[in-house]
Chemist: 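Can you keep this structure in mind? I'll have questions shortly.
As a basis for the values below, the full set of heavy atoms in this structure was taken, side chains included, without hydrogen atoms, waters or symmetry mates.
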Amino acid sequence: MVSDIRIANTGSLLELQRRLRAAGHENIRSSMQRRLRHAAEPLRDDLQSAIRGLDITSEGRKAGKRGGPSPTTRPLRATIAAAIRISVRTSGNPGARVWVDKSRLPHDLRNMPDVINSGPPPGRIRHPVFGNKKRWANQYVKPYWWDDTVRQGRPRMEREAARVLDDVRRRLE
């Protein structure tokens, strides 16, 4: 299932947030937010590239069946890529978060990132042909595009976030 990825050493961030608030350094806090966002941008970009470059294949047309161009001009992969967002918080539950904002997806595509990532079964997209619920088609993708990309990008994001927190701690001392 596509879920959000959070990079947060919650104890360190909460302690740092209290120290920032007590010191009243608004520019340090805004700098920290900007740098945490910057640390999450490569992962977001990798996720967007992964979904845009995802190869979707179909079973093909059966002999004697009609076909034609898609009746929609809405590109699936680009729509999902545009919905991948970053949010950074320094209070409450602090940290950086990369996630799919389902409110930015059309209503009928809200569960599509989960379907593409993990199924059921993984890698299969089953949908009605041109909206006709009596005829269904299967399309196949490489499953776990979200999970694999996050697994590769998470260490880099964690290192950068730790470096930002160390820099802010040094500035507060």
Side-chain angles (χ1 to χ4, degrees), residues 1-56 72-119 122-123 125 141-173:
M1 176 164 117
V2 173
S3 62
D4 61 1
I5 166 102
R6 292 175 195 254
I7 298 301
N9 181 350
T10 308
S12 296
L13 284 171
L14 287 172
E15 174 262 328
L16 198 58
Q17 173 218 355
R18 281 191 288 271
R19 287 177 56 191
L20 276 171
R21 191 175 292 134
H25 291 291
E26 186 60 37
N27 59 346
I28 294 176
R29 190 164 63 190
S30 65
S31 171
M32 184 175 86
Q33 277 186 304
R34 184 176 63 252
R35 290 180 65 194
L36 283 173
R37 176 176 294 279
H38 185 69
E41 284 173 356
L43 181 57
R44 181 205 51 203
D45 295 343
D46 290 348
L47 286 165
Q48 288 175 335
S49 295
I51 190 66
R52 282 189 181 111
L54 200 61
D55 188 31
I56 299 177
T72 178
T73 58
R74 187 180 60 211
L76 173 68
R77 291 169 285 203
T79 303
I80 294 172
I84 297 174
R85 315 272 297 180
I86 298 174
S87 62
V88 176
R89 295 182 61 180
T90 58
S91 61
N93 187 9
R97 178 178 168 215
V98 180
W99 54 294
V100 176
D101 184 358
K102 292 186 178 186
S103 69
R104 293 182 59 131
L105 293 173
H107 183 69
D108 58 335
L109 297 180
R110 297 256 163 102
N111 68 340
M112 192 56 68
D114 295 328
V115 169
I116 292 174
N117 189 57
S118 57
I125 304 169
V141 298
K142 177 183 171 276
Y144 309 116
W145 64 275
W146 179 274
D147 299 341
D148 292 344
T149 308
V150 166
R151 195 173 303 113
Q152 292 170 0
R154 186 178 189 129
R156 176 183 54 195
M157 189 174 160
E158 286 175 340
R159 281 191 309 271
E160 182 64 25
R163 194 169 63 95
V164 167
L165 295 178
D166 290 341
D167 289 349
V168 171
R169 268 192 208 95
R170 267 189 247 112
R171 286 178 70 182
L172 285 174
E173 292 173 355

Chemist: If you take all heavy atoms of I80 and I51, which pair is closest and at what distance?
Modeler: CG2-CG1, 3.9 Å
Chemist: What's the separation between atom CG in L43 and atom CD in E160, rounded to the nearest 0.5 Å?
Modeler: 13.0 Å
Chemist: With rounding to the nearest 0.5 angstrom, report the CD to CG distance, E41 to L36.
Modeler: 11.0 Å
Chemist: Give the minimum heavy-atom separation between W145 and P113, together with the two atoms involved.
Modeler: NE1-O, 3.9 Å
Chemist: Counting N and O atoms only, with roles assigned by atom type, does the side chain of D101 sit under 3.5 Å from a partner on the main chain of A83, one being a donor and the other an acceptor?
Modeler: no
Chemist: Nearest 0.5 Å, please: how far is CD1 in I84 from CH2 in W146?
Modeler: 5.5 Å
Chemist: Supply the atom-to-atom distance I86 CD1 to H38 NE2, rounded to the nearest 0.5 angstrom.
Modeler: 10.0 Å
Chemist: How close do Q48 and A81 get, heavy atom to heavy atom, and via which atoms?
Modeler: NE2-O, 2.9 Å
Chemist: Would you say that D55 contacts K142 through its side chain, given a criterion of any heavy-atom pair below 4.5 Å between the two side chains?
Modeler: no
Chemist: Can you tell me how far CG of L54 sits from CG of N117, rounded to the nearest 0.5 angstrom?
Modeler: 9.5 Å
Chemist: Within the 4.5 Å heavy-atom criterion, are D148 and R151 side-chain neighbours or not?
Modeler: yes
Chemist: How many angstroms lie between CG in L47 and CD in Q152, if you round to the nearest 0.5 Å?
Modeler: 10.0 Å
Chemist: Take I116 and R77 through the side-chain contact (heavy atoms from CB on, under 4.5 Å) test and state the conclusion after the steps.
Modeler: CA-CA 10 Å; I116 292 174; R77 291 169 285 203; 5.9 Å; no
Chemist: If you define the side chain from C-beta out and look only at heavy atoms, does anything of D46 sit under 4.5 Å from M157?
Modeler: no
Chemist: Taking the side chain from S31 and the backbone from N27, do they hold a donor-acceptor pair closer than 3.5 Å?
Modeler: no
Chemist: Donor-acceptor check, side chain of R110 to backbone of K102, threshold 3.5 angstrom: yes or no?
Modeler: yes
Chemist: What I want to find out is whether D166 reaches R163 closely enough, with some N-O distance under 4.0 Å, to be called a salt bridge.
Modeler: no
